[in-house]
Colleague: 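For reference, the structure I am asking about is given below.
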Amino acid sequence: MGTIFDTVDPVVFKSYIFWSAVLGLKMLVMSILTSTKRHAKKAYASPEDVPKGVKSVTSDPDVERIRRAHLNDLENILPFFVIGFLYLFTNPSVLVATNLFRAVAVARIVHTLVYAVFVIPQPARGLSWMVGYFSTAYMAVKIILQFL
């Protein structure tokens with residue numbers, strides 16, 4: 001008797017793993033970006049982080065922008081990890097699944113670039129957010145319909 005994992009196309013699974021790893025790495029980079037900006041702006045999160053003799057601030061708009069981008073990643077990438085994994089069990093076509101995974105990853109990277117790195121006015125951030133959000137929502141609907 002086979003398992004449910006036998007129904008997962010290995011090519012789709014590899015694509016999911018690859019793009020999930022890209023997004024995981026992207027989230028790790030956000031921590032470094034936040035830390036680097038905090039150090040550059042002398043905006044430390046805790047008093048014990050402040051080097052001796054350095055006058056610091058507790059908040060900086062540039063640091064907060066990066067933190068909001070990171071929070072937005074947590075709100076969007078973590079659901080993708082779960083929904084993308086469950087989507088594997090809907091027997092999606094390789095082309096559709098790969099492009100959905102790719103769309104989410106590229107959209108999240110672009111979202112960070114236009115919001116926290118090279119600040120570009122709307123609608124760039126909103127459009128990039130929508131691509132990732134609706135790609136993930138599409139997968140969620142397909143899962144629900146498949147297992148209804």
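If you're wondering where the values come from, they're calculated on a predicted model, not measured in any experiment. Values reported hereafter were calculated over all heavy atoms of this structure, with side chains retained and with hydrogens, waters and symmetry mates removed.
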Colleague: May I ask you to decide if the ring planes of Phe101 and Tyr87 are parallel, tilted or perpendicular, using 30° and 60° as cut-offs?
Modeller: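 Judged by the thresholds at 30° and 60°, the geometry between Phe101 and Tyr87 is perpendicular.
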Colleague: For Phe81 versus Gly24, what's the shortest heavy-atom pair and its separation?
Modeller: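 Result for this residue pair: CZ-N, 4.0 Å.
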Colleague: Measuring only between side-chain heavy atoms, which start at C-beta, is Met30 closer than 4.5 Å to Ile66?
Modeller: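 The answer is yes; the side chains approach within 4.5 Å.
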Colleague: Would you say Leu71 and Val63 are hydrophobically clustered, going by side-chain heavy atoms of ILVMFWY under 4.5 Å?
Modeller: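 No; Val63 is not reachable from Leu71 via cluster members.
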Colleague: Ignoring hydrogens and geometry, is there a side-chain-to-backbone donor-acceptor pair from Asn99 to Leu95 under 3.5 Å?
Modeller: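 Checked: pair present.
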Colleague: Does the side chain of Asn91 come within less than 4.5 Å of Thr7's, by heavy atoms?
Modeller: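 The answer is no, as the side chains (C-beta and beyond) never meet within the 4.5 Å cut-off.
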Colleague: Using a cut-off of 6.0 Å, state whether more than 12 heavy atoms not belonging to Arg38 lie near its atom CZ.
Modeller: yes
Colleague: Under 3.5 Å, is there a donor-acceptor pair between the side chain of Arg65 and the main chain of Tyr115?
Modeller: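 Checking the backbone N and O of Tyr115 against the side chain of Arg65, a donor-acceptor pair under 3.5 Å is found.
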Colleague: Which distance, rounded to the nearest 0.5 Å, do you find between the OG1 of Thr34 and the CG of Asp62?
Modeller: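 Interatomic distance, Thr34 OG1 to Asp62 CG, rounded to 0.5 Å: 11.5 Å.
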Colleague: Under a 4.5 Å cut-off applied to non-hydrogen side-chain atoms, are Met27 and Leu74 in contact?
Modeller: yes
Colleague: Over all heavy atoms of both residues, which pair between Gly84 and Tyr16 is shortest? Give the atoms and the distance, please.
Modeller: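 Taking Gly84 first and Tyr16 second, the nearest heavy atoms are C-CE1, 3.5 Å.
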Colleague: Could you tell me if the side chain of Thr112 sits less than 4.5 Å from the side chain of Val29, heavy atoms only?
Modeller: no
Colleague: Indicate the ring-plane relationship of Phe89 and Phe85, choosing parallel, tilted or perpendicular according to the 30° and 60° boundaries.
Modeller: perpendicular
Colleague: Check side chain to side chain contact (heavy atoms under 4.5 Å, CB included) between Ala107 and all other residues, then give those that pass, not counting sequence neighbours.
Modeller: Val131
Colleague: Is it true that Ile109 and Ile32 fall in one hydrophobic cluster, defined by side-chain heavy atoms closer than 4.5 Å?
Modeller: no
Colleague: What verdict does the side chain to side chain contact (heavy atoms under 4.5 Å, CB included) test give for Val117 and Leu33, after you've listed the backbone C-alpha separation in whole Å, the side-chain angles of each residue and the deciding distance to 0.1 Å?
Modeller: CA-CA 9 Å; Val117 179; Leu33 185 61; 4.1 Å; yes
Colleague: Are Val96 and Leu100 packed together at the side-chain level, in the sense that at least one heavy-atom pair is separated by less than 4.5 angstrom?
Modeller: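 Sidechains of Leu100 and Val96: in contact.
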Colleague: Is any side-chain heavy atom of Asn76 closer than 4.5 Å to one of Trp129?
Modeller: yes
Colleague: If you compare all heavy atoms of Ser20 against all heavy atoms of Phe80, which two are closest, and at what distance to 0.1 Å?
Modeller: OG-CE2, 3.8 Å
Colleague: Would Tyr133 end up clustered with Trp19 when hydrophobic side chains under 4.5 Å apart are linked, directly or stepwise?
Modeller: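 No, separate clusters.
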Colleague: Run the side-chain donor-acceptor check on residues 136-148: report pairs under 3.5 Å with partners two or more places apart or on a different chain.
Modeller:
{"unit_1": "Thr136", "atom_1": "OG1", "unit_2": "Gly132", "atom_2": "O", "d": "3.0"}

Colleague: Measuring from Lys26:NZ to His70:NE2, what's the distance to the nearest 0.5 Å?
Modeller: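 Those atoms lie 7.5 Å apart.
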Colleague: Verify side chain to side chain contact (heavy atoms under 4.5 Å, CB included) between Val114 and Leu127, making sure each step is shown before the conclusion.
Modeller: CA-CA 10 Å; Val114 301; Leu127 290 173; over 6 Å; no
Colleague: Any chance you could measure Leu23, atom CG, to Leu25, atom CG, to the nearest 0.5 Å?
Modeller: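 Rounded to the nearest 0.5 Å, the CG-CG separation comes out at 9.5 Å.
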Colleague: With the side chain counted from C-beta on, respond yes when Arg68 and Asn72 share a heavy-atom pair under 4.5 Å apart, and no when they do not.
Modeller: no
Colleague: So, for Pro79 and Glu75, which heavy atoms are closest and what is the spacing to 0.1 Å?
Modeller: CG-O, 3.3 Å
Colleague: Would you compute the distance between atom CZ of Arg108 and atom CG of Asp73 and round it to the nearest 0.5 angstrom?
Modeller: 4.5 Å
Colleague: Should we count CZ of Phe13 as having more than 12 external heavy atoms under 6.0 Å?
Modeller: no
